[in-house]
Amino acid sequence: MRLPNLNALRMFDAAARHLNFGRAAEELHLTQGAVAQQVRRLEADLGHKLFHRHARGLTLTDTGRSYHAPVRQALALIRDATDTLAPTVQRVTLSVPPSFAAKWLVPRLPEFEAAHPDLDLRVVAEEGLTDFKRDGIDIAIRQGARPREAGLQSALLAPVELVAVAADPALTLGDSPELADLAQMTLIQDGHRHWDRLLRQAGLAATGRLLQFNQTALAMDAALNGQGIALVPRIFLGTQPLKILWQAPPQDDLGFHVLWPGTNGRTKAVVDWLLAQPGVRSTRRPDPA
């Protein structure tokens with residue numbers, strides 16, 4: 001059997017990672033139809049069905065799943081070999097949660113580009129856990145408890161300091177509202193469900209409306225539009241015109257953590273830049289391995 005077309009393999013890899021032709025097309029800067037057509041042609045050339053097509057996305061067949069792992073590794077080897085031949089292109093791939101990307105990272109990217117014109121920073125916005133080797137990720141930022149994975153270096157970028165915010169002018173709550181006062185208003189909650197947890201811990205229940213969004217950035221946008229009170233990390237506020245009404249108690253070990261599997265010059269440059277940003281209260285931790 002002749003070798004499959006390399007572009008078709010790239011499209012198959014993107015579709016297998018996203019399980020969606022549309023998102024694969026966005027990553028590759030192609031049309032959804034072009035990706036779907038190339039994958040169908042690849043399936044025809046191989047004589048095997050690689051995906052189950054559904055109304056809202058894709059799932060890999062058993063054959064597709066077993067085929068994707070070595071294809072992804074092969075593409076990573078080709079990419080690494082090409083980078084070795086062209087050392088002037090110093091690419092660093094940074095995986096961050098979508099809301100962190102939108103509210104904290106993206107506004108700072110022009111400054112990074114000015115400080116490091118020799119580095120090509122590729123940002124991947126995703127919530128899931130990262131397999132650094134398989135996914136081709138150099139650095140990840142994740143929200144949660146202190147990471148303890150063996151073989152990873154980590155640094156605390158900033159603790160999760162939750163604040164209740166609303167559009168300015170603020171709601172009529174007085175100068176120093178309590179949690180019980182906020183529980184009577186329209187609350188906006190993201191996928192972390194911090195309102196639920198804090199109210200439950202205080203023995204309270206929301207008596208007003210509770211608007212639910214899956215991402216913090218969407219909850220903040222709803223608050224900016226005057227739809228209620230959002231509970232968000234202080235680090236996301238920046239210069240946005242939201243008024244802080246209340247601050248939640250400390251969140252134990254919750255924070256935004258930078259993780260990376262090893263140190264090279266370009267990775268170190270990006271990590272150092274992240275930890276040097278104004279307002280960041282970082283703490284480096286050694287490799288736990």
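Nothing here was measured: the structure is a model prediction, and the numbers come from that model.
Side-chain N or O atoms of Ser99 include one that pairs as donor or acceptor with a backbone N or O of Ala217 at under 3.5 Å. Between the Asp138 side chain and the Thr93 main chain, a donor and an acceptor come within less than 3.5 Å of each other. For Arg122 (side chain) and Asp120 (main-chain N/O), no donor-acceptor pair under 3.5 Å exists by modelled atom type. No donor-acceptor pair under 3.5 Å is formed between the side chain of Glu27 and the backbone N or O of Arg23. Not a single donor-acceptor pair under 3.5 Å links the side chain of His52 to the backbone N or O of Leu60. At distances below 3.5 Å, at least one donor-acceptor pair connects side-chain atoms of Trp195 with backbone N or O atoms of Ile188. A donor-acceptor contact shorter than 3.5 Å links the side chain of Arg266 to the backbone of Arg91. Judged by distance alone, with hydrogens and angles left aside, the side-chain atoms of Gln212 form a donor-acceptor pair with the main-chain N or O of Asp190 at under 3.5 Å.
Looking only at atom types and distance, the side chain of His192 has no donor-acceptor partner in the side chain of Thr216 under 3.5 Å away. Arg65 and His68 share no donor-acceptor pair across their side chains, judged by distance under 3.5 Å alone. Between the side chains of Arg234 and Gln247, at least one donor N or O lies within less than 3.5 Å of an accepting N or O. A donor-acceptor pair shorter than 3.5 Å can be found between the side chains of Asp196 and Gln189. A donor atom on one side chain and an acceptor atom on the other are found under 3.5 Å apart for Ser95 and Glu126. Judged by distance alone, the side chains of Glu43 and His48 never bring a donor and an acceptor atom under 3.5 Å apart.
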Any chance you could lay out the salt bridge (charged side-chain N to carboxylate O under 4.0 Å, His left out) test for Asp221 and Lys103, step after step, and finish with the verdict?
CA-CA 10 Å; Asp221 290 344; Lys103 298 301 183 182; 2.9 Å; yes

Please assess Arg10 against Asp13 for the test salt bridge (charged side-chain N to carboxylate O under 4.0 Å, His left out), listing each intermediate value before the final yes or no.
CA-CA 5 Å; Arg10 290 178 60 240; Asp13 169 58; over 6 Å; no

Can you list the steps and then say if Phe51 with Thr59 is a side-chain contact (heavy atoms from CB on, under 4.5 Å)?
CA-CA 6 Å; Phe51 291 104; Thr59 56; over 6 Å; no

Please test Leu237 against Val232 for side-chain contact (heavy atoms from CB on, under 4.5 Å), starting from the C-alpha separation and ending with a verdict.
CA-CA 8 Å; Leu237 294 182; Val232 303; 3.9 Å; yes

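From Leu42, atom CG reaches atom CG of Asn7 across 11.5 Å, with rounding to the nearest 0.5 Å. Between atom CG of residue Asp45 and atom CG of residue Asn5 there is a gap of 8.5 Å, rounded to the nearest 0.5 Å. Rounding to the nearest 0.5 Å gives a distance of 8.5 Å between OG1 of Thr31 and CD of Gln37.
Note on Leu204: it clusters hydrophobically with Leu210, by side-chain heavy-atom contacts below 4.5 Å among ILVMFWY residues. Leu231 and Leu211 sit in two unconnected hydrophobic clusters of ILVMFWY residues. Membership requires side-chain heavy atoms under 4.5 Å apart, directly or through other members.
The side-chain heavy atoms of Leu157 and Leu275, taken from C-beta on, include a pair separated by under 4.5 Å. Between Leu46 and Pro4, some side-chain heavy-atom pair lies under the 4.5 Å cut-off. In this structure, the side chains of His116 and Trp273 come closer than 4.5 Å at one or more pairs of heavy atoms. With a 4.5 Å cut-off on side-chain heavy atoms, Phe12 and Gln38 do not count as touching. The side-chain heavy atoms of Val124 and Leu94, taken from C-beta on, include no pair separated by under 4.5 Å. Here the side chains of Glu26 and Asn20 are not in contact, with every heavy-atom distance at 4.5 Å or above.
Taking all atoms of both residues into account, the shortest heavy-atom contact from Ala167 to Ala223 is CB-O, 3.4 Å. The nearest pair of heavy atoms linking Pro147 to Ser154 is CG-CB, 3.9 Å. Pro70 and Ser66 make their closest contact through CD-O, 3.0 Å (heavy atoms, listed as atom of the first residue, atom of the second, distance). Across all their heavy atoms, Ala166 and Leu245 have their closest contact at CB-CD1, 3.8 Å.
Annotation for Arg209: atom CZ does not count as buried by contact number, only 12 or fewer foreign heavy atoms lying within 6.0 Å.
Cation-pi geometry between Arg108 and Trp104 is met: the NZ or CZ atom falls under 6.0 Å from the ring centre, inside 45° of the normal.
None of Ile137, Val270, Val271 except one satisfies the side chain to side chain contact (heavy atoms under 4.5 Å, CB included) rule with Trp260; the exception is Val271.
Phe236 and Phe256 have tilted rings, their planes meeting at an angle from 30° to 60° on a 0 to 90° scale.
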